[in-house]
Amino acid sequence: MADIAPAAKIIDGKVYAERLREQVAREVTRLRADYNLQPGLAVVLVGDDAASQIYVRSKGEHSLAVGMHSVTHRLPADVSQVELLRLVGELNADPAIHGILVQLPLPKGFDEQAVIAAISPDKDVDGLHVVNAGRLANGVPALTPCTPLGCMIMLREAVGDLSGLRAVVVGRSVLVGRPIAQLLLQADCTVTIAHSRTRDLPAVCREADILVAAVGRPRMIRGDWIKPGAAVIDVGINRVPFDDPIKAAAGRTKVVGDVHYKEASQVAGWITPVPGGVGLMTVAVLLQNTVTAAKRIAGLD
Ligand code: NDP
């Protein structure tokens with residue numbers, strides 16, 4: 001029997017990310033022409049984690065493609081914390097660099113919090129410095145973590161005015177859950193943050209006009225947890241064996257979200273697929289954050 005056509009409109013991350021990169025490229029062209037200002041991004045990679053290397057290469061390529069100045073510093077895993085902090089200090093002082101991103105996670109033995117704290121808040125394009133988290137919580141201009149900001153751009157463009165809507169964010173991490181909740185609050189949503197101790201999570205989720213899943217548990221959120229017509233933003237990236245037993249037996253894996261896409265897309269009004277949704281926006285927002293940082297540092301924002 002043929003599958004029933006999904007009810008939900010798909011929020012296509014590729015379309016939104018391409019559009020944002022085009023906007024950033026136009027703004028970079030304008031800043032270079034009008035102010036001789038070329039936004040510069042420095043990415044620091046410590047060690048040789050395979051996934052981190054892919055992310056870092058992608059960040060470098062995309063920043064060059066939009067006309068930015070781009071530098072990648074690759075340090076060996078046995079570099080000392082002091083050396084890493086010295087590099088961060090040099091980048092803080094470098095006038096050609098407006099955004100600094102230290103690729104996380106750092107190898108074992110590093111104090112990540114100390115490294116994040118050493119980045120100038122004005123150049124903290126990952127939005128992880130406590131000064132930026134505090135600014136975001138206070139509702140004043142901040143450099144905002146890229147994935148949460150990407151979710152908001154997609155939500156605003158797909159759904160429109162979010163004011164007064166009930167939003168439930170499942171997950172309370174500093175990287176994703178908390179900043180998304182802050183951004184939804186700024187958009188005048190009524191926000192609930194759920195987590196591993198939340199009682200009757202399905203009932204909490206069913207109240208949501210906007211449901212954001214940032215958990216890290218494959219397909220945890222089922223179709224009957226979703227209010228009909230809700231906007232569902234799936235941040236999760238989980239690697240699981242293929243459903244097909246032959247591929248699974250061969251050890252092949254695929255990426256799925258925190259939401260059971262097949263069930264949820266029958267009920268939701270909008271949904272982000274995984275892959276092809278939120279994940280694609282993250283680098284585009286990093287470029288936008290670097291432009292924002294460059295303009296603020298130059299007094300142009
Ligand atoms: P964390 O592990 O830091 O946080 C997970 C959160 O989920 C915690 O707050 C935890 O609650 C909560 N949680 C765990 N289990 C349950 C449960 N059974 N019920 C309810 N809540 C639960 O993860 P991140 O926030 O860093 O990432 C979340 C997901 O998003 C991951 O899959 C990650 O790969 C993905 N991700 C995707 C990005 C992208 O670009 N698309 C970027 C960053 C992350 P508690 O606090 O109580 O432990």
Side-chain angles (χ1 to χ4, degrees), residues 4-13 16 127 133 136-139 144-238 240 256-279 281-282 285:
I4 303 164
K9 294 189 192 93
I10 292 167
I11 304 178
D12 185 342
Y16 286 86
L136 180 63
N138 279 7
T144 306
C146 301
T147 302
L149 193 51
C151 294
M152 287 305 291
I153 292 169
M154 293 197 292
L155 261 177
R156 281 184 187 278
E157 288 190 29
V159 178
D161 184 14
L162 308 181
S163 174
L165 297 182
R166 291 291 305 262
V168 172
V169 180
V170 190
R172 56 176 163 178
S173 72
V174 168
L175 184 64
V176 191
R178 285 168 201 250
I180 289 186
Q182 294 291 354
L183 289 167
L184 288 162
L185 191 59
Q186 276 181 21
D188 296 324
C189 294
T190 302
V191 184
T192 300
I193 305 178
H195 45 78
S196 66
R197 306 295 174 89
T198 298
R199 291 188 190 156
D200 198 356
L201 184 60
V204 173
C205 292
R206 261 179 235 119
E207 292 180 0
D209 302 305
I210 296 168
L211 179 61
V212 180
V215 187
R217 302 206 179 262
R219 298 172 176 141
M220 185 185 85
I221 292 176
R222 309 298 303 239
D224 63 358
W225 296 24
I226 293 166
K227 182 176 176 178
V232 176
I233 304 292
D234 189 354
V235 184
I237 298 178
N238 310 287
V240 296
V256 299
D258 291 338
V259 175
H260 195 299
Y261 183 81
K262 205 167 179 183
E263 292 179 5
S265 56
Q266 307 291 326
V267 187
W270 296 266
I271 191 164
T272 59
V274 179
V278 171
M281 280 295 275
T282 301
V285 177

Drop me the distance from [X]'s [atom1] to [Y]'s [atom2], to the nearest 0.5 angstrom.
X	Y	atom1	atom2	answer
D12	M154	CG	CE	9.5 Å
L149	T144	CG	OG1	5.5 Å
C146	M281	SG	CE	10.5 Å

Under a 4.5 Å cut-off applied to non-hydrogen side-chain atoms, are [X] and [Y] in contact?
X	Y	value
V191	Q182	no
V212	V235	yes
I226	V232	yes
V159	W270	yes
L184	M152	yes
I10	P273	yes

Item to check | Residues that R222 engages under salt bridge (charged side-chain N to carboxylate O under 4.0 Å, His left out), provided they are two or more places apart | outcome: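 Testing R222 for salt bridge (charged side-chain N to carboxylate O under 4.0 Å, His left out), a comparison that skips the adjacent residues, returns E263.
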Main-chain N/O of [Y] paired with [X] side-chain donor or acceptor, under 3.5 Å:
X	Y	result
D258	R217	yes
R178	R172	yes
T198	L201	no
T147	T282	no

Item to check | Qualifying residue for side-chain contact (heavy atoms from CB on, under 4.5 Å) with I233, from L155, I271, V259, V169 | outcome: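 Of the listed options, the one satisfying the test is L155.
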Item to check | Evaluation steps, side chain to side chain contact (heavy atoms under 4.5 Å, CB included), between W225 and H260 | outcome: CA-CA 10 Å; W225 296 24; H260 195 299; over 6 Å; no
Looking only at heavy atoms, which two atoms of [X] and [Y] are closest? And how far apart?
X	Y	value
R156	L162	CG-CD1, 4.2 Å
R199	V204	O-CG2, 3.9 Å
P145	G127	CG-O, 3.4 Å
I11	A158	CD1-CB, 3.9 Å
L185	C189	CD1-O, 3.9 Å
I180	C151	CD1-SG, 3.8 Å

Checklist entry - For V170 and L211, what are the C-alpha separation, side-chain angles and deciding distance, and is it a side chain to side chain contact (heavy atoms under 4.5 Å, CB included)? => result CA-CA 8 Å; V170 190; L211 179 61; 4.1 Å; yes
Next on the checklist: Tell me every residue that passes side chain to side chain contact (heavy atoms under 4.5 Å, CB included) with V256, counting only those two or more places apart in sequence or in another chain.
Outcome noted: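 By the side chain to side chain contact (heavy atoms under 4.5 Å, CB included) rule, V256 matches P218, R219, N238, V240, K254.
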